[in-house]
Amino acid sequence: MAKVLTKREDNYAQWYNDLVIKADLAENSPVRGCMIIKPYGYAIWEKIQAELDRMLKATGHSNAYFPLFIPKSFFSREAEHVKEFAKECAIVTHYRLKKDPDGKGLIVDENAKLEEELIIRPTSETIIWHTFKNWIQSYRDLPLLINQWANVVRWEMRTRLFLRTSEFLWQEGHTAHATREEAIEETEKIVNLYTDFIENYMGIPVIKGLKSENEKFAGAVDTYAIETLMQDGKALQAGTSHFLGQNFARAFDVKFTDKNGKQHLVWATSWGVSSRLVGALVMAHSDDNGLILPPNLAPIQVVIVPIYKGNDELEKISGVAEQIKENLTKNGISVKYDDRDTQKPGWKFAEYELKGVPVRIAVGPRDIANGTVEIARRDILTKEVIRQENITDHIVNLLKDIQAGIFIKARKFRDENTHKVDTYEDFKRILREKGGFILAHWDGTSETEKKISKETKATIRCIPLDGKQEKGKCIYTGKPSNKRVVFAIAY
RNA sequence: CGGGGUGUAGCGCAGCCUGGUUAGCGCGCGUCGUUCGGGACGACGAGGUCGAGAGUUCGAAUCUCUCCACCCCGACCA
């Protein structure tokens, strides 16, 4: 037993760290707060990317690329924006090094100071809106629907692999529209697109909603968010979509001429999901034996492990295994046949379990004699023996079952850990004893929200979009409220 | 930036308090043999500027001082 994980119930945070490292997803880098994403972890990110990219293109968005560096002056243009991001920016001040005259190392060449410092993008609204000014003149140029896949840097105090790192990978969409209604429609379209992706590909149920004033994006009129619940009862924001109103158009003077020759400021949105989703995927489904990956995002969906003594046996087994692999591959399934003789079967079983491969097929001498294979599913750890001739259909259906089962299990967990409370005492008790999402009435003021968050660490995750209107009293102030909001302790 | 802690082989650690041959252990790694249906076993082997610098001493991983790095807890956050 080489790679044992901390048990979730002993220390959930440690379990997560162990898992990310032992499943070869990522490791810490020499640079504080930054991670090295290893091939297996990156393969998951690539699956996420590929599907989202397809969905975004299908809804009319085009990819482009904007610079990593943003002139400092761009930042000051939008007041709210600068206020929020100023405290976590990395800044480039010089462009040259020179030999240290006193030693062997290198030092910054003070003669190579930049006239205007460059900020490493924490997000790209400013440089994009600076550019959009030149791209947009007429209503004929609208809507403008741009996405970019990029890295960004936010100088974080405390970091955790995938969940919060100083540098992370994401996609950021930036759109411009002629009307307010159209921009809001775009903002909502993206929230729904993210929801579709996270529920149907990642297998994680979400709550869609609006952010409160305190929690919304700096520079946005409204922020829509999708919130997910992790196995330890903490919430994780999985994606955001912002209706920016005319704030950035005003700051960067982006106007268009309408059909009647009149000039108007354009309406904007921006939205993104990040490599944090990999962390969500790990925390939402996995168990004490390792990762559990939904088939739709698993880099390897099926692994075939031969069990043999000697080359004669291996040859026979390989004949069967290669045939199975070929048939599955024809059905669009990604299969790995692991015939390495450097590792034992038991070692391979444990390794693929740790890495969350949804289905394992074992083929040994008994199977050759009987015309069977052994099939093990990762999510519920069951094994069955089936006839070789039925295998392709069986696996196709099994992968569908696993995908559905993972989602149903996560949804059941989410539902069981969502509580309605009507008093502040119950609120604190549930938070302490169970965690999870708490649906409670709130008087709508930032002041109350801040007090609750200071006293309990719980924040308003969102004001649900599909929440029913319901008369009630704020759990903190007793003032009237007509809708419950979602509270939780969040990542 | 406050409060706590840790730096010894690729990884995880012991040794330090009470200085003394050649600095140990587990995992991992290499070779050979037996194994192979849930992380095999045995034998042999390779691998170290003990975070850095200065000091005390006949002698420092061990004592003293300075510096550096990282981790955990708080304030910030996708």
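Below, chains carry the letters A, B, ... as their sequence lines are ordered, and counting in each starts from 1.
Ring geometry, Phe75(A) versus His81(A): the interplanar angle falls under 30°, so the pair is classed parallel (tilted spans 30 to 60°).
Leu277(A) comes within 4.0 angstrom of no nucleic acid atom, judged by non-hydrogen atoms across all strands. No contact: Thr240(A) has no heavy atom under 4.0 Å from any strand. As judged by a 4.0 angstrom heavy-atom cut-off over every strand, Glu156(A) is placed among the base-contacting residues.
Scored by the salt bridge (charged side-chain N to carboxylate O under 4.0 Å, His left out) test, Glu389(A) finds Arg387(A) as partners (sequence neighbours excluded). Listed by chain and residue number, Asn192(A) satisfy the side chain to side chain donor-acceptor pair (under 3.5 Å) test with Lys208(A) (two or more places apart in sequence, or in another chain). Under the ring-ring contact (aromatic ring centres under 6.0 Å, His included) criterion, His285(A) pairs with no residue at all, not counting sequence neighbours. With sequence neighbours left out, Asn214(A) forms a side-chain contact (heavy atoms from CB on, under 4.5 Å) with Ser212(A), Ser446(A), Glu449(A), Lys450(A). Every residue was checked against the ring-ring contact (aromatic ring centres under 6.0 Å, His included) condition with Trp155(A), not counting sequence neighbours, and none meets it.
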Tabulate below the donor-acceptor pairs under 3.5 Å that side-chain atoms of residues 307-316 of chain A make, not counting sequence neighbours, or state none.
residue   : atom : partner   : partner atom : Å
Glu313(A) : OE1  : Lys309(A) : N            : 2.7

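Straight-line distance between the P atoms of C11(B) and G3(B): roughly 30 Å, to the nearest whole Å. Comparing A54(B) with G2(B), their C1' atoms sit 30 Å apart, to the nearest whole Å. Straight-line distance between the C1' atoms of A75(B) and G12(B): roughly 32 Å, to the nearest whole Å. Spacing of C1' atoms, C16(B) relative to G28(B), comes out at 27 Å, to the nearest Å. A14(B) and A23(B) are spaced 11 Å apart, taking the C1' atom of each and rounding to whole Å. When the P atom is used for both G45(B) and U6(B), the distance is 36 Å, rounded to whole Å.
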Discussion item. I need a per-nucleotide contact map over nucleotides 30-36 of chain B, read 5' to 3'. Cutoff is protein heavy atoms under 4.0 Å; write B for the base, S for backbone only, - otherwise.
Written reply: -----BB
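Contacts between residues 296-306 of chain A and RNA chain B, defined by a heavy-atom separation below 4.0 Å, involve no residue at all. Of the residues in residues 37-55 of chain A, none lies under 4.0 Å from RNA chain B by heavy-atom distance. For the segment residues 188-215 of chain A, the set of residues with a heavy atom within less than 4.0 Å of an atom of RNA chain B is empty. Residues of residues 357-379 of chain A that place a heavy atom closer than 4.0 Å to RNA chain B, in numerical order, are Arg360(A), Ala362(A), Gly364(A), Pro365(A), Arg366(A), Asp367(A), Glu374(A).
For Lys383(A) against G37(B), a side-chain-to-base donor-acceptor contact under 3.5 Å is absent.
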Discussion item. Only Watson-Crick and G-U wobble pairs with both distances less than 3.5 Å should count. Give RNA chain B in dot-bracket notation, marking inter-strand partners with |.
Written reply: (((((((..((((......[...)))).((((((.....)))))).....(((((..]....))))))))))))....
